[in-house]
Amino acid sequence: MHEQPPQIVTRFAPSPTGYLHIGGGRTALFNWLFARGRGGKFLLRIEDTDRERSTPEATAAILRGLAWLGLDWDGEPVSQFAQKDRHAEVAHEMLARGTAYKCFSSPEEIAAFRARAEADGASYAVFQSPWRDAAPETHPDAPFAIRMKAPRTGQTQIVDQVQGIVTIQNDTLDDMIVLRSDGTPTYMLAVVVDDHDMGVTHVIRGDDHLNNAARQQMVYTAMGWDVPIWAHIPLIHGPDGKKLSKRHGATGVEDYQAMGYPAAGMRNYLTRLGWAKGDAEIFTTAEAMAMFDLAGIGRAPARLDFKKLENTCGHHMAMMADAEVMAELAAYLRAAGKPALTAAQSNLLQKALYCVKDRAKTFPDLLEKAEFALAARPIQPDEASAKSLDSVSRGILKSLTLQLQNVNWTKEGLEPILNDAAAANGIGFGKLAAPLRAALAGRSATPSVFDMMLVLGQGETLARLADAAE
RNA sequence: GGCCCGUUCGUCUAUCGGUUAGGACAUCUGGUUUUCAACCAGGCAAGAGGGGUUCGACUCCCCUACGGGCUGCCA
């Protein structure tokens, strides 16, 4: 008889005070990969207990960001605020167990204490509530907060899967408030209660919470609950090594969609940012799930490298199925606020994908390379390509138009004609290709001229050549 | 200020006491080429600094420097 290993449950718990930050996106991704790769569950909880700053718009933006990254969660998102009664119930249970107490010190008194300590030049000041051991008979009839009765001596150890064993001296921690005097729970209590109630087995989150873990662990202990497995991952920094902020440019997950990075590439890049498994660089999501582990997470903050992001995205763009490219391209256009493709454009682009998707890294890149399939006559050559349309090359195009009237419209049929035309004019094929590009695409960087001619078809090709030859 | 965490090529990283310190991106050189992309061959490039421990340290310990986090009746 083997004991069934408990199912892994992870969660992502953002506070809805803004868009989904790229760092948050990666945290969610790590949680998702870890759970999904092991047949576990990935839950979503919205930490909306700060009523001042939480907005439904932010929640919607976060959900959109996760959806774009392809991270799906089990069940409905949990609202932390909705659990407030349960949080209060636990706070009172701690009271009953003697692991928490009523504190009647007012915020003003506490502020005064801190000010005094600072004035005395104390290096640090842990507020010690006079009510910690006060007899109930001495309690005034006044509002009170519930504070945890934290140990004042000894140390608390966090066994972290990323950071190792972290030891915190208990005398540096105060008796944190778990229930405010207005009856609402604090974050420190709420996370623990929710994680416990949701059955979370692995807490994978940013290492800005590492210190908090010690106090949260005290709540688990106070309630006699199993402590989850901790994994505190380093934050993402900007290219300059500083904490990623607005001045670095894109910090929101949705910004990356609007810039045209394919989600699969983004996922791959983000997975490799701060995590490694040997030399694995380019992998599918299924492969990432199979490989991902906590042991591979690095301990130092990682910097964003747009060049590598682009390179990774290029690989994924090439690997994507055509239908996938078309669907994601449409989503990109919407996200970037650009007009959708017409049916005709979309139809022709689909035919052209085989010769453009493996040379594009992003969707704007794809659109640029596929310009020949999207543009309508008359083709407007851009500055660079216009240079190759001089009078000599126009003449060549004109004669080509005639020679291409009766030809088998295949690569085999076209090749000899174009080669002969180049030879007849005493120029290399490259010199002939340039004006053809200008005529067919109005661009100097395009797929092969044969591919363009085949995609466009004989009628359209001849029309464009004739336009340019005029 | 105090406490906690971190530091290998420009960047992401491998290494888990013994390696010519490996790979990828970027970059440079050459090749291929029908432009772009791609591709092929090759080059440049790293253990923050200082002390220990050890026969032997990138790896273990200490100090310093730098970066980050926490230090709320915010999350």
Side-chain angles (χ1 to χ4, degrees), chain A residues 13-17 47-50 52-54 80 103 105-107 110-111 114 118 121-127 143-147 158 160 162-164 166-169 171-174 176-182 184-188 190-191 206-215 232 234-235 237 239 241-243 269 272-282 295-296 298-312 314 318 356 358-361 365 368-369 384-385 388 418 422 428-434 436-437 441 443-450:
Chain A
S15 32
T17 54
E47 308 225 312
D48 52 359
T49 53
D50 185 338
E52 296 290 305
R53 297 195 297 152
S54 299
Q80 184 160 66
C103 172
S105 298
S106 69
I110 299 166
R114 292 212 173 91
E118 200 173 323
S123 55
Y124 67 94
V126 172
F127 176 70
F144 60 87
I146 297 181
R147 300 187 98 106
I158 298 298
D160 193 276
V162 176
Q163 309 291 344
V166 179
T167 306
I168 284 129
Q169 299 303 321
D171 61 9
T172 64
L173 268 23
D174 64 2
M176 66 170 178
I177 290 176
V178 291
L179 202 70
R180 299 185 186 99
S181 49
D182 65 0
T184 61
T186 59
Y187 161 77
M188 289 291 184
V191 243
D207 70 3
D208 48 336
H209 288 290
L210 182 55
N211 286 279
N212 292 336
R215 330 176 80 168
H232 289 90
L235 272 20
H237 285 186
K242 300 283 187 189
K243 194 179 159 190
Y269 176 74
R272 264 298 273 109
L273 188 64
W275 173 86
K277 184 86 166 181
D279 289 338
E281 293 286 351
I282 302 297
R299 293 143 301 278
R303 305 182 191 197
L304 232 34
D305 180 355
F306 284 86
K307 291 279 194 189
K308 185 156 184 173
L309 204 211
E310 268 178 35
N311 181 281
T312 303
V356 292
D358 59 343
R359 54 220 303 149
K361 295 175 172 176
D365 201 12
E368 173 64 22
K369 299 240 155 71
S385 67
S388 51
L418 294 196
F429 189 78
K431 286 278 185 214
L432 175 63
L436 279 170
R437 287 202 167 80
R443 292 285 186 278
S444 48
T446 74
S448 133
V449 292
F450 294 110

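First the proteins, then the strands, lettered A, B, ... as listed; each starts at 1. These numbers come from the heavy atoms of this one structure, side chains and all, not from hydrogens, waters or symmetry mates. Nothing here was measured: the structure is a model prediction, and the numbers come from that model.
A heavy-atom distance below 4.5 Å is not found between the side chains of A:Met176 and A:Thr186. Considering only heavy atoms from C-beta on, A:Val126 stays 4.5 Å or farther from A:Leu173 through its side chain. At least one side-chain heavy atom of A:Phe127 sits under 4.5 Å from a side-chain heavy atom of A:Ser105. With contacts defined as side-chain heavy-atom distances shorter than 4.5 Å, the pair A:Tyr269/A:Asn311 does not qualify. When side chains are defined from C-beta on, A:Leu418 counts as touching A:Leu436, because their heavy atoms get closer than 4.5 Å. At least one side-chain heavy atom of A:Arg215 sits under 4.5 Å from a side-chain heavy atom of A:Asp174. Counting only heavy atoms from C-beta outward, the side chains of A:Thr49 and A:Thr184 never approach each other to under 4.5 Å.
No engagement by A:Gly428 is indicated, since no non-hydrogen atom pair under 4.0 Å with the nucleic acid exists. Residue A:Ala434 is classed as having no contact, given no heavy-atom separation below 4.0 Å to the nucleic acid. Among the heavy atoms of the strands lying under 4.0 Å from A:Asn212 is at least one base atom, whether or not backbone atoms are also near. Residue A:Ser388 is classed as having no contact, given no heavy-atom separation below 4.0 Å to the nucleic acid. When heavy atoms are screened at a 4.0 angstrom cut-off, A:Thr167 is found touching the sugar-phosphate backbone but no base atom. Residue-level contact check: A:Arg443 touches neither bases nor backbone, having no heavy atom under 4.0 Å from any strand. A:His209 comes within 4.0 angstrom of a base, heavy atoms only. Note on A:Met176: nothing from the nucleic acid sits closer than 4.0 angstrom, heavy atoms only.
Summarising the base pairing, B:G42 is matched to B:C28 through a Watson-Crick or G-U wobble pair whose two defining distances lie under 3.5 Å. Here B:A65 sits opposite B:U7 as a Watson-Crick or G-U wobble pair (both hydrogen-bonding atom distances under 3.5 Å). When both distances must be under 3.5 Å, the Watson-Crick or G-U wobble mate of B:G47 does not exist. Across all strands shown, B:G1 forms a Watson-Crick or G-U wobble pair with B:U71, both key distances being under 3.5 Å. Judged by Watson-Crick or G-U wobble contacts below 3.5 Å, the nucleotide B:U19 has no partner. Nucleotide B:U53: unpaired (no Watson-Crick or G-U wobble partner with both distances less than 3.5 Å). For B:U33, there is no paired base (Watson-Crick or G-U wobble, both distances below 3.5 Å).
Taking atom P in both B:A57 and B:G49, the straight-line distance is 15 Å, to the nearest Å. Remark: the separation of the P atoms in B:U20 and B:C28 is 32 Å, to the nearest Å. For the P atoms, the distance linking B:G47 with B:G10 amounts to 9 Å, nearest Å. Distance noted for atom C1' between B:U59 and B:A41: 34 Å (whole Å). Atom name P, nucleotides B:C9 and B:U15: the rounded distance is 16 Å, in whole Å. As rounded to the nearest Å, B:G68 and B:A48 have C1' atoms that lie 16 Å from one another. B:G22 and B:C44 are spaced 11 Å apart, taking the P atom of each and rounding to whole Å. Rounded to whole Å, the separation between the P atoms of B:A46 and B:G52 comes to 26 Å.
When atom types are taken as modelled, the side chain of A:Asp160 and the backbone of A:His232 share a donor-acceptor pair closer than 3.5 angstrom.
Checking B:C73, B:G6, B:G22 against the side-chain heavy atoms of A:Ile177 singles out B:C73 as nearest. Set against B:C70, B:G6, B:C74, the side chain of A:Asp50 has B:C74 as its closest nucleotide. Checking B:A75, B:U7, B:U13 against every side-chain atom of A:Ala276, the shortest atom distance belongs to B:U13. Looking at the side chain of A:Arg114, the nearest of the listed nucleotides B:U7, B:C73, B:G69 is B:C73. Comparing atom distances between the A:Ala302 side chain and each of B:A14, B:C12, B:G69 picks out B:C12 as nearest.
A sub-4.0 Å separation between OP1 or OP2 of B:A75 and a side-chain N or O of A:Thr49 is present. Residue A:Arg180 places at least one side-chain N or O closer than 4.0 Å to OP1 or OP2 of B:A75.
Among the candidates A:Asn212, A:Ile177, A:Val178, the single residue satisfying the side chain to side chain contact (heavy atoms under 4.5 Å, CB included) test with A:Met188 is A:Asn212.
Interface remark: the A:Glu281 side chain does form a donor-acceptor pair with the B:G23 base, using a distance-only criterion of under 3.5 Å. Counting distance only, with no hydrogens placed and no angle test, the side-chain atoms of A:Ser181 and the base atoms of B:C73 include a donor-acceptor pair under 3.5 Å.
Both A:Val162 and A:Ser106 lie close to RNA chain B; mapped to their nearest nucleotides by heavy-atom distance, the more 5′-ward contact belongs to A:Val162. Between A:Arg272 and A:Asp48, it is A:Arg272 whose nearest contact on RNA chain B lies nearer the 5' terminus.
Residues meeting the salt bridge (Lys or Arg N to Asp or Glu O under 4.0 Å) test with A:Arg114, sequence neighbours left out: none.
Distance A:Asp207 CG to B:U71 P: 13 Å, rounded to the nearest Å. Nucleotide B:C12 holds its P atom 10 Å from the CG atom of A:Leu304, rounded to whole Å.
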For nucleotides 26-38 of chain B, 5' to 3', base contacts (B), sugar-phosphate-only contacts (S) and non-contacts (-) with protein non-hydrogen atoms under 4.0 Å give S-------BBBSS

